[in-house]
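Report on the following structure.
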Protein chains: 2
Amino acid sequence: MALGTDYAQQDCSLARALEVVGERWSLLILRDAFYGVRRFNDFLVHLDIPRAVLTTRLTAFTEAGVLRKAAYQQSPPRYDYLLTDAGLELWPVVHGLALWGGRHATPGGPLRTFHHERCGTRLDAAGGCGRCGVHQVPPADVEMRSHYGPQGPERDDPISAVLAERRLLLRPVRATT
Amino acid sequence: MALGTDYAQQDCSLARALEVVGERWSLLILRDAFYGVRRFNDFLVHLDIPRAVLTTRLTAFTEAGVLRKAAYQQSPPRYDYLLTDAGLELWPVVHGLALWGGRHATPGGPLRTFHHERCGTRLDAAGGCGRCGVHQVPPADVEMRSHYGPQGPERDDPISAVLAERRLLLRPVRATT
DNA sequence: CTGCTCGGTTCAGTGAATGAACTCTCGATG
DNA sequence: CATCGAGAGTTCATTCACTGAACCGAGCAG
């Protein structure tokens, strides 16, 4: 898509935000991070994204303070990419877009829905739980549920298989240690 | 949508949403629409965007049902671009991103803040008003306030001048009829 | 007739995304 | 020791969207 990179002429907070998360693939990478994807290769197979682009985005996110690297083994050095606090605060945006896309851009309705884990109520447009009166359900308390047709997910990579199940956000897709 | 601008392999509502609003300039155009910008030329001077891109985006938004054209004169035919109901539902996303950008990507803090018109309280991360207990303040009830340094806005186009004032969202930047 | 505004279209040049091939380190296997 | 494979990249030619400047055309205004 060649989404350029900056919006220098715009003195607006939204423009600043888009310089961080507005490039092609950026929000899908962060969505996967909320889903519990943490490793380079897992992002790669789940997103079908060129490796060079993934490298660029992960590096940029790390520099912007949206993700941070955490070593999961020493040699060779290998890192998990985890959401920082600033990254976690993007949950309302990710959820809002997914909700809107499910309502207005997905022929057949949403493929995934997000619920308050405690009570099962679907999150509202504000990301809150109407039943419990929770204004903003933190991502760690959100359960994702998939709604595929009879033939299951369209993708067949192992990450998609894991994510097809009902699970909490942020829970690692790999061996929960 | 043209080649390269989609995320065909991703069966996810977020991907569908990004195909509509995820291209370069898209969300800034919609932000302006929330600010009351309605005409081709007003978007153009305020965004400093190539005319061809603006044409492409406005047409795509219209086809996607996010904006609609409304004639404001007959000859030559001229149209306002207005948010549809689906477009208005993107407010939580636009607000969420602007809020996040003000917090985490704008050195010096947010340049604009959004408040519940009735009570002046700043909207929370969910887009609600804590004081009034309104879960989601609709954009028409939101007041935007600018916070520039001593020398005012950096841009000097007429649209920026209008938007520097305290005003309700969706109120047309032209002749308040 | 001339100039001006508004809302475009056209087009050459640029630069980001793409995808395939290659690299490097290390642990495990034989 | 030699080889293999996993993980995480880098390199590079090609493609394609964005950029910006020039051009176009309808309808006023003087």
Side-chain angles (χ1 to χ4, degrees), chain A residues 1-10 15 18-19 22-29 32 37-62 67 69-82 157-159 172-175, chain B residues 1-10 15 18-19 21-29 32 37-62 67 69-82 157-159 173-175:
Chain A
M1 186 185 324
L3 278 175
T5 52
D6 59 23
Y7 301 92
Q9 303 315 311
Q10 289 291 314
L18 288 174
E19 286 172 357
E23 289 165 297
R24 184 157 159 80
W25 297 111
S26 290
L27 280 170
L28 288 178
I29 292 170
D32 273 16
V37 178
R38 297 176 159 200
R39 295 191 185 177
F40 188 92
N41 256 339
D42 292 342
F43 285 108
L44 199 68
V45 301
H46 188 232
L47 290 171
D48 265 341
I49 176 182
R51 310 170 85 87
V53 175
L54 183 58
T55 304
T56 307
R57 294 289 177 278
L58 290 175
T59 305
F61 281 150
T62 306
L67 297 181
K69 291 166 76 168
Y72 68 84
Q73 72 177 33
Q74 296 307 324
S75 82
R78 292 288 183 260
Y79 301 93
D80 277 329
Y81 291 90
L82 305 177
D157 59 278
I159 304 297
V173 290
R174 288 175 176 274
Chain B
M1 197 171 269
L3 246 153
T5 60
D6 60 19
Y7 301 91
Q9 303 315 310
Q10 287 293 312
L18 288 174
E19 287 173 356
V21 302
E23 290 165 296
R24 185 155 159 80
W25 297 111
S26 290
L27 280 169
L28 289 178
I29 292 169
D32 273 17
V37 178
R38 299 176 159 199
R39 295 192 185 175
F40 188 91
N41 256 337
D42 291 343
F43 285 108
L44 199 69
V45 302
H46 188 232
L47 290 171
D48 265 341
I49 176 182
R51 310 170 83 87
V53 175
L54 183 57
T55 304
T56 306
R57 295 289 178 276
L58 290 176
T59 305
F61 281 150
T62 306
L67 296 181
K69 291 166 77 168
Y72 68 84
Q73 73 178 31
Q74 297 306 325
S75 82
R78 290 288 183 262
Y79 300 92
D80 276 330
Y81 292 90
L82 304 177
D157 60 277
I159 304 297
V173 292
R174 287 177 177 271

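Being a predicted model, the structure only gives us computed values, none of them experimental.
Which of C/dT9, D/dG9, D/dG7 sits closest to the side chain of A/Tyr81 comes down to D/dG9. Considering only side-chain atoms of A/Thr55, the nucleotide from C/dT18, D/dT10, D/dC18 that sits closest is D/dT10. Distances were taken from every side-chain heavy atom of B/Val53 (C-beta onward) to each of C/dG8, D/dT19, D/dG7; the shortest belongs to D/dT19.
Atom C1' of nucleotide C/dG8 and atom CG of B/Leu44 are separated by 10 Å, given to the nearest angstrom. One interatomic measurement links the two molecules: CG of B/Asp48 to P of D/dA21, which rounds to 11 Å at whole-angstrom precision. Rounding to whole angstrom units, CG of residue A/Leu54 and C1' of D/dT10 are separated by 13 Å. Atom CG of A/Leu58 and atom P of D/dG7 are 16 Å apart (whole Å). Rounded to an integer number of Å, the gap from B/Arg39 CZ to C/dG8 P is 12 Å. Here C/dG27 presents its P atom at 11 Å from CD of A/Gln74, a figure rounded to the nearest Å. One can place OH of A/Tyr7 at 14 Å from C1' of D/dT19, the figure rounded to the nearest angstrom. Atom pair A/Ile159:CD1 and D/dG7:P shows a separation of 10 Å (rounding to whole Å applied).
Between B/Ile29 and B/Phe43 the shortest heavy-atom distance is O-CE2, 3.4 Å. Taking every heavy atom of both residues into account, B/Leu54 and B/Phe40 meet most closely at CD2-O, 3.4 Å.
B/Ser75 comes within 4.0 angstrom of the backbone, heavy atoms only, and of no base. Residue A/Tyr72 is classed as a sugar-phosphate contact, given heavy-atom separations below 4.0 Å to backbone atoms only. In this structure, A/Phe43 reaches neither bases nor backbone, as no heavy-atom distance under 4.0 Å exists between it and the strands shown.
Mapping B/Pro76 and B/Thr56 onto DNA chain C via the closest heavy atom, the residue that lands nearer the 5' end is B/Pro76. Across the interface with DNA chain D, nearest-nucleotide mapping of A/Pro77 and A/Ala52 shows A/Pro77 to be the residue nearer the 5′ end.
Between B/Ile49 and B/Leu44, some side-chain heavy-atom pair lies under the 4.5 Å cut-off.
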Criterion side-chain contact (heavy atoms from CB on, under 4.5 Å) on B/Arg24 and A/Tyr7, from CA distance to verdict: CA-CA 10 Å; B/Arg24 185 155 159 80; A/Tyr7 301 92; 3.4 Å; yes
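Here the CG atom belonging to A/Leu58 is positioned 13.5 Å from the CH2 atom belonging to A/Trp25, to the nearest 0.5 angstrom.
Put simply, the side chain of B/Arg24 and the base of D/dC18 share no donor and acceptor less than 3.5 Å apart. Scanning atom types as modelled, one donor and one acceptor separated by under 3.5 angstrom connect the side chain of A/Arg51 and the base of D/dG9.
For A/Trp25, no side-chain nitrogen or oxygen approaches OP1 or OP2 of C/dA16 to under 4.0 Å.
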